Amino acid sequence: MKLSELMANHTPNAAYEGFVTNDDFVLAVDCSENGSADVGDYAVAQLGVTGLDANLNPVTQDKTYIRAGQSTMKTGNQRSFTVSGDRYVGDEFQDFALSHAIMYGTGQTVIRGYVYFCLLNGKGEKGAASIIVNSDGSGSAGESAEVDIEIRKASAQPTEYTYTETTTEV
């Protein structure tokens with residue numbers, strides 16, 4: 001499903017206040033052949049997905065100072081997503097991520113644009129990330145084939161992103 005198709009059924013409210021569930025977040029990735037799709041054409045990681053873990057992996061440096069003791073300084077952050085679930089052939093995101101070119105690709109060939117935001121208020125981030133396939137169909141006999149795909153920040157820090165009805169760019 002393309003991001004524009006998903007968002008045709010949702011209208012974010014920038015003033016939204018309240019609890020949020022994991023189902024209220026969207027991860028969409030540029031799965032186009034040349035990696036230059038408009039954000040509205042990004043593929044949504046959704047069909048067959050049972051888990052979407054969005055992690056911020058801080059980089060820190062610990063030092064001990066005279067009379068002050070131990071101190072921790074945050075020096076960076078590594079954004080990562082883990083997409084897990086059941087293999088669904090025909091889903092644009094899974095078919096792309098599990099293609100031979102991506103599973104065995106390296107360097108720039110596996111880096112794609114992504115957006116991650118909350119459906120309720122439209123706020124999130126936009127960046128570039130490496131697609132890393134850990135499992136393309138594991139499981140026991142008679143069970144659904146399970147997939148495990150990591151998406152990790154590549155290059156510059158993600159930027160703030162807000163989805164609006166009239167545009168998918170900020």
Side-chain angles (χ1 to χ4, degrees), residues 1-12 20-57 77-139 143-165 167-170:
M1 170 183 288
K2 297 212 179 298
L3 181 58
S4 59
E5 295 168 341
L6 173 69
M7 295 310 292
N9 299 320
H10 298 279
T11 304
V20 180
T21 69
N22 205 32
D23 289 349
D24 295 323
F25 287 93
V26 176
L27 173 64
V29 178
D30 183 351
C31 294
S32 66
E33 186 175 330
N34 61 6
S36 62
D38 291 332
V39 173
D41 290 329
Y42 283 15
V44 177
Q46 174 175 303
L47 197 53
V49 174
T50 58
L52 174 59
D53 297 323
N55 296 298
L56 293 168
N57 307 306
N77 233 343
Q78 171 67 10
R79 162 60 92 183
S80 66
F81 302 95
T82 301
V83 179
S84 56
D86 298 329
R87 176 66 169 113
Y88 190 96
V89 174
D91 174 69
E92 184 179 3
F93 169 73
Q94 284 194 34
D95 289 349
F96 176 77
L98 299 171
S99 69
H100 187 83
I102 299 299
M103 286 196 310
Y104 293 100
T106 59
Q108 195 64 36
T109 63
V110 299
I111 296 176
R112 293 303 172 112
Y114 76 89
V115 292
Y116 177 69
F117 64 96
C118 178
L119 281 170
L120 302 173
N121 64 10
K123 296 177 183 178
E125 68 186 51
K126 179 180 180 182
S130 293
I131 300 172
I132 303 159
V133 177
N134 294 316
S135 174
D136 66 340
S138 62
E143 295 180 355
S144 296
E146 297 174 5
V147 298
D148 179 3
I149 303 164
E150 285 184 62
I151 300 171
R152 292 187 191 176
K153 180 194 83 67
S155 64
Q157 292 290 357
T159 58
E160 285 189 65
Y161 173 82
T162 302
Y163 183 91
T164 64
E165 285 184 70
T167 180
T168 54
E169 297 289 339
V170 170

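Nothing here was measured: the structure is a model prediction, and the numbers come from that model.
A salt bridge is absent between Glu146 and Arg87; no separation between the charged side-chain nitrogens and carboxylate oxygens falls under 4.0 Å. Ion pair Glu125/Arg79 flagged as a salt bridge, since at least one NZ, NE, NH1 or NH2 atom sits closer than 4.0 Å to an Asp/Glu carboxylate oxygen.
The shortest side-chain heavy-atom distance between Lys126 and Pro158 does not fall under the 4.5 Å cut-off. At a threshold of 4.5 Å between non-hydrogen side-chain atoms, the residues Met7 and Pro12 count as touching. Using a 4.5 Å cut-off on side-chain heavy atoms (C-beta onward), Val147 and Ser135 make no contact. The side-chain heavy atoms of Ser4 and Tyr42, taken from C-beta on, include no pair separated by under 4.5 Å. Looking at heavy atoms from C-beta onward, Gln46 lies in side-chain contact with Leu6 at the 4.5 angstrom threshold. Using a 4.5 Å heavy-atom cutoff, the side chains of Cys31 and Glu92 are in contact. Annotation: side chain of Asn134 is not in contact with side chain of Ile149 (no heavy-atom distance under 4.5 Å). Side-chain contact between Met103 and Asp136 is present, with heavy atoms from C-beta onward closer than 4.5 Å.
Side chain of Gln94 to main chain of Asp86: a donor-acceptor pair is present (N/O by atom type, distance under 3.5 Å, no hydrogens or angles). Under a 3.5 Å cut-off, the side chain of Gln78 and the backbone N or O of Lys153 do form a donor-acceptor pair. Remark: side-chain polar atoms of Asp148 are not paired, donor with acceptor, to backbone N or O of Ser84 under 3.5 angstrom. For Asp38 (side chain) and Asp41 (main-chain N/O), no donor-acceptor pair under 3.5 Å exists by modelled atom type.
More than 12 heavy atoms of other residues, nucleotides or ligands lie within 6.0 Å of CD in Glu143, so this atom counts as buried by the packing criterion. The environment of Phe96 atom CZ is dense: over 12 non-hydrogen atoms of other residues, nucleotides or ligands sit within 6.0 angstrom.
Atom CG of Asn22 is separated from atom OG1 of Thr50 by 10.5 Å, given to the nearest 0.5 angstrom. Atom SG in Cys118 sits 5.5 Å away from atom CG in Asp24 (nearest 0.5 Å).
Of all non-hydrogen atoms in Leu98 and Val133, the two that sit nearest each other are CD2-CG1, 3.6 Å. The two residues Arg112 and Asn34 come nearest to each other via the heavy atoms NH1-C, 4.3 Å. The heavy-atom pair separating Leu47 from Asp91 by the smallest distance is CB-OD1, 3.4 Å. Nearest heavy atom pair, residue Ile111 against residue Ala154, reads CD1-CB, 3.8 Å.
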Report the C-alpha separation of Val44 and Leu27 in whole Å, then their side-chain angles, then the decisive distance to 0.1 Å, and conclude whether the side-chain contact (heavy atoms from CB on, under 4.5 Å) test is met. CA-CA 6 Å; Val44 177; Leu27 173 64; over 6 Å; no
Working for side chain to side chain donor-acceptor pair (under 3.5 Å), residues Asp30 and Ser32: CA-CA 6 Å; Asp30 183 351; Ser32 66; 2.7 Å; yes
List the steps, then state whether side-chain contact (heavy atoms from CB on, under 4.5 Å) holds for Phe93 with Val49. CA-CA 10 Å; Phe93 169 73; Val49 174; 5.5 Å; no
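Between Phe25 and Tyr116, the ring planes are parallel. Angles under 30° get that label, and only those over 60° would be called perpendicular.
In summary, of the residues considered (Leu3, Ile131, Val83, Val115), a side-chain contact (heavy atoms from CB on, under 4.5 Å) with Val29 occurs for Ile131 alone. Exactly one of Asn55, Asp53, Ile132, Ile151 qualifies for a side-chain contact (heavy atoms from CB on, under 4.5 Å) with Ser80. That residue is Asn55.
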